[in-house]
Amino acid sequence: MTPEISPKDRFITVYGRNPVHEVLLDPDLHVDKVVIAEGARGAGLTEIRKAAGRRGIGVQSASAERVKKLSGNGRQDQGVFADVVAPRMLPLPVALDHADLRTVLVLDGITTPANVGMILRTATAAGVDGIVVPRRGVASLDPLVVKASAGVAFRAPILKAFTAAEAVSALREHGFHVVGLDAEGEDDLFTAHLPEPTAFVLGSETSGHGPEVTGLVDTWVSIPMAGGVESLNVAAAAAVVCFELVRRARA
């Protein structure tokens with residue numbers, strides 16, 4: 001029996017008038033609720049109420065301070081947010097106990113929303129079993145991430161953990177071989193022995209992997225480069241990793 005999952009690990013919160021209106025217009029998305037700040041006015045909010053009403057979705061009212069806190073971005077919430085169900089999102093411990101995970105990506109220190117969104121899109125397209133998006137040290141799952149993922153974030157197999165180091169430690173305890181991707185990695189990504197289950201850790205382009213994560217990596221691999229190019233953008237590197245896993249699975 002799967003344990004009760006906290007709302008913060010079931011929903012992606014979308015804030016801002018245009019993003020909320022857009023999710024309400026998408027019939028494929030399950031919007032749990034819409035919350036509008038007391039006293040908020042404007043044509044955009046009228047359209048949101050109408051769109052929610054057409055779908056039978058409840059619109060709640062809360063203080064402006066409450067909306068700022070729950071949206072997670074008081075400067076850009078524009079007095080409204082919506083909780084959108086992400087059906088494949090799970091806390092990492094629940095997934096480790098109840099899901100069949102063979103290939104997992106762990107994001108470590110990736111703070112650019114566009115990169116996080118593109119990684120979610122690529123990894124989902126490649127059939128990766130899980131993408132760990134820690135609450136600390138990684139861009140939050142906000143409208144910028146959703147936009148960069150072209151909406152795939154709502155359907156991505158996102159695994160939630162507090163930090164990347166906590167996630168990697170838990171994965172190791174469950175028998176995962178931890179692979180770090182680094183330009184200085186001794187093994188070639190395309191020829192390295194990568195026993196399953198495998199967890200790939202992707203670090204920040206500027207600062208690399210955090211020291212706690214570095215100490216937990218079993219194998220360091222690099223993507224061969226030519227033409228004097230030193231490294232790839234982390235989202236591009238993630239795409240190479242994801243489809244190398246596809247190639248291996250089909251070999």
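Worth knowing before you read on, the calculation uses all heavy atoms, side chains too, and leaves out hydrogens, waters and symmetry mates.
Within 6.0 Å of CG in Asn18 there are 12 or fewer heavy atoms belonging to other residues, nucleotides or ligands. Taking a 6.0 Å sphere around CD of Gln60, one finds it holds more than 12 heavy atoms contributed by other residues, nucleotides or ligands. The number of heavy-atom neighbours closer than 6.0 Å to CZ of Arg135, taken from other residues, nucleotides and ligands shown, is above 12. More than 12 heavy atoms of other shown residues, nucleotides or ligands fall within 6.0 angstrom of atom CD in Glu38. Annotation: Arg55, atom CZ; neighbour count of heavy atoms from other residues, nucleotides and ligands within 6.0 Å is above 12.
Of the possible donor and acceptor atoms, none in the side chain of Arg10 sits under 3.5 Å from a partner among the backbone N and O of Val85. Counting only distance, with no hydrogens or angles, the side chain of Asp77 and the backbone of Gly16 share no donor-acceptor pair below 3.5 Å. A side-chain donor-acceptor contact under 3.5 Å links Ser149 to the backbone of Val146. For the pair Thr198 (side chain) and Pro195 (backbone), a donor-acceptor distance under 3.5 Å is present. Side-chain atoms of Asn115 never come within 3.5 Å of backbone atoms of Met118 as a donor-acceptor pair (strictly under, hydrogens ignored). For His177 (side chain) and Ala199 (main-chain N/O), no donor-acceptor pair under 3.5 Å exists by modelled atom type. Although no hydrogens or angles enter the test, the distance criterion places no donor-acceptor pair under 3.5 Å between the side chain of Thr112 and the main chain of Ala114. Proximity of a side-chain donor or acceptor of Arg121 to a complementary backbone N or O of Ala148 within less than 3.5 Å is not detected. Asp108 contributes a side-chain N or O that, together with a main-chain N or O of Gly210, makes up a donor-acceptor pair within less than 3.5 Å.
We find that Lys33 and Asp83 are joined by a salt bridge, their nearest charged nitrogen and carboxylate oxygen being less than 4.0 Å apart.
For the residue pair His209 and Leu181, the shortest heavy atom distance occurs at CE1-O, 3.0 Å. Minimum interatomic distance between Ala139 and Val133 (heavy atoms only, all atoms of both residues): O-CG1, 4.2 Å. Looking at every heavy atom in both residues, Val23 comes nearest to Val14 through CG1-CG2, 4.3 Å.
Atom CD of residue Gln76 and atom OH of residue Tyr15 lie 5.0 Å apart, to the nearest 0.5 angstrom. The OG1 atom of Thr219 sits 8.5 Å away from atom NE2 of His193, with the distance rounded to the nearest 0.5 Å.
Both Leu232 and Leu189 are part of a single hydrophobic cluster, where members link through side-chain heavy atoms under 4.5 Å apart.
Counting only residues at least two apart or in different chains, salt bridge (charged side-chain N to carboxylate O under 4.0 Å, His left out) contacts with residues 232-250 comprise Glu244-Arg247, Glu244-Arg248.
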For residues 152-176, which side-chain donor-acceptor pairs fall under 3.5 Å, sequence neighbours excluded?
| unit_1 | atom_1 | unit_2 | atom_2 | d |
| --- | --- | --- | --- | --- |
| Thr163 | OG1 | Glu166 | N | 3.0 |
| Glu166 | OE2 | Phe162 | N | 3.0 |
| Arg172 | NH1 | Leu216 | O | 3.4 |
| Arg172 | NH2 | Asp218 | OD1 | 3.3 |
| His174 | ND1 | Ala170 | O | 3.1 |

